[in-house]
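Here the structure is laid out as structure tokens; the discussion comes afterwards.
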Amino acid sequence: MPELPEVETIAQRLREGRETHPLPGMKILRTSLQWPRHIQKPSLSTFRRRIKNRQVVDIGRRGKFLVFTLDEDYMLIHLRMSGDLYLQTASEPRGPYEHTIFYLEDDWQLRFSDSRKFGRIYYVQDPEEVLSHLGPEPLDPEFTAEKLTNRLWKHRRMLKPLLLDQRFIAGLGNIYVDEALHYAGLHPQVQSNTLSNHQAQKLWGGIRTALEKGLVHNGASIDWVYRGGNFQNEFRVYQRTGEPCPVCSTPIERIVVGQRGTHFCPGCQPEKHL
DNA sequence: CACGAGACCTGTTCGC
DNA sequence: TGCGAACAGGTCTCGT
């Protein structure tokens with residue numbers, strides 16, 4: 001689920017809060033930790049002790065991580081596959097997967113719903129303890145087409161798994177990689193070091209286009225996990241196996257690359273380039 | 001260094 | 001209808 005646009009949307013919503021109650025400024029009074037493995041760092045008891053009475057100052061994003069700046073220290077949350085994070089009041093009904101809940105002032109609660117329990121929470125003094133391995137932010141103005149090109153040429157890997165690698169570039173997941181490669185007209189199994197300058201340029205543009213469209217639509221909502229975005233209606237190839245390509249009408253194909261379902265248009269994204 | 005398999009979890013959808 | 005298999009937006013670790 002949550003890739004860069006979805007995580008960014010969630011961060012925005014938490015910053016704004018509900019009905020003129022932004023999360024920044026609220027204090028965490030206590031926590032309910034029904035799935036202890038959510039807490040990755042430090043130990044459960046230390047986490048419980050240190051998070052108590054911290055005030056949220058701001059909520060940001062780096063890659064797919066939510067970064068909570070507290071009045072002391074930082075809390076980072078990774079939603080992995082099925083996580084969602086939202087503000088509710090004590091009177092609103094509990095969802096079945098809200099394994100971790102932060103109790104705030106005035107009956108507000110920050111609820112971490114996570115049916116597959118893959119999500120992770122970190123409490124650290126320095127966010128870099130968790131984020132240091134991440135590659136560049138794809139929408140950072142500093143991240144130019146030239147920078148991407150140089151990084152692509154440093155590796156000899158297929159584009160699909162390389163773009164999913166958070167050390168190479170941060171924030172892309174299965175949806176946005178498939179969409180970006182289609183915008184760029186590149187086959188997912190092309191080797192990164194064989195791209196021409198022009199092709200690398202197009203890949204840079206494809207990544208930006210896919211992410212920016214995702215952001216405009218507040219991310220994608222798929223399956224039973226609804227988060228209010230509607231980018232799924234704009235998918236060109238993701239989960240559109242057999243449907244005609246919106247550009248050339250060739251039926252979209254699904255293959256498995258690096259153990260991930262991969263959707264592409266054989267017409268727009270040929271394996272061999274001219 | 002690059003890649004595949006398996007693990008971590010649970011819910012939904014597919015195929016017989 | 002029923003039941004097991006396959007599949008799912010992510011990432012880590014291990015073996016080749």
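Labels below follow one simple rule: chain letters A, B, ... track the order of the sequence lines, proteins then strands, and each chain is numbered from 1. Heavy-atom basis, side chains included; hydrogens, waters and symmetry copies ignored.
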Legend entry - Flag for A:D84-A:S113: side-chain donor and acceptor within less than 3.5 Å: no

Legend entry - Integer-rounded Å distance: B:dG11 C1' and A:K117 NZ: 12 Å

Legend entry - Residues in contact with DNA chain B, drawn from residues 149-161 of chain A - heavy-atom cutoff 4.0 Å: A:H155, A:R156, A:R157, A:M158

Legend entry - Side chain to side chain, A:I207 and A:T209, heavy atoms closer than 4.5 Å: no

Legend entry - Between P of B:dT12 and CD of A:Q239, the distance in whole Å: 15 Å

Inset, instruction - Return yes if some donor-acceptor pair links the side-chain N/O of A:T149 with the main-chain N/O of A:A145 below 3.5 Å, else return no. - result: yes

Legend entry - Centroid under 5.5 Å and tilt under 30°, A:F118 to C:dT11: no

Inset, instruction - Could you tell me whether the phosphate oxygens of C:dG10, OP1 or OP2, come under 4.0 Å of any side-chain nitrogen or oxygen in A:K64? - result: yes

Legend entry - B:dC9 OP1/OP2 closer than 4.0 Å to side-chain N/O of A:R37: yes

Inset, instruction - Using the six-membered ring wherever Trp is involved, compare the ring planes of A:H99 and A:H38 and label them parallel, tilted or perpendicular (cut-offs 30° and 60°). - result: tilted

Legend entry - A:D165 CG to B:dA2 P, straight-line distance once rounded to whole Å: 9 Å

Legend entry - Over-ring placement of A:R111 relative to A:Y86, 6.0 Å and 45° cut-offs: no

Legend entry - Donor + acceptor pair across side chains of A:Y74, A:E128 (<3.5 Å): no

Legend entry - Gap in Å between the two P atoms, one belonging to B:dG6 and one to C:dA5, rounded: 15 Å

Inset, instruction - Establish, with yes or no, whether the OP1 or OP2 oxygen of C:dG10 is under 4.0 angstrom from a side-chain nitrogen or oxygen of A:R116. - result: no

Legend entry - Whole-Å gap separating C1' (C:dG10) and CG (A:L79): 11 Å

Legend entry - Consecutive Watson-Crick or G-U pairs in runs of at least 3, all under 3.5 Å, in which DNA chain C is involved: B:2-8 with C:10-16, B:10-16 with C:2-8

Inset, instruction - Taking atom types as modelled, find out whether A:K154 and A:N193 have a side-chain donor-acceptor pair closer than 3.5 angstrom. - result: no

Inset, instruction - State whether A:Q259 places a side-chain N or O below 4.0 Å from either non-bridging phosphate oxygen (OP1 or OP2) of B:dG6. - result: no

Inset, instruction - Could you check how far CZ of A:R260 sits from P of B:dA5, rounded to whole Å? - result: 14 Å

Legend entry - Between C:dC7 (P) and A:Y238 (OH): distance, integer Å: 13 Å

Legend entry - Validation row: A:I51, A:T31 side chains within 4.5 angstrom (heavy atoms): yes

Legend entry - A:R80 side-chain N/O to B:dT10 phosphate OP1/OP2 under 4.0 Å: no

Inset, instruction - Please name the residue in the list A:R50, A:K52, A:R54 that meets the salt bridge (charged side-chain N to carboxylate O under 4.0 Å, His left out) test with A:E72. - result: A:R54

Inset, instruction - Measure the distance from OH on A:Y122 to P on C:dC12 and round it to the nearest whole Å. - result: 7 Å

Legend entry - Touch class at under 4.0 angstrom, heavy-atom based, for A:R254 against every strand present: sugar-phosphate

Legend entry - Result of checking A:R260, A:R254, A:K160, A:R236 against A:D178 for salt bridge (charged side-chain N to carboxylate O under 4.0 Å, His left out): A:K160

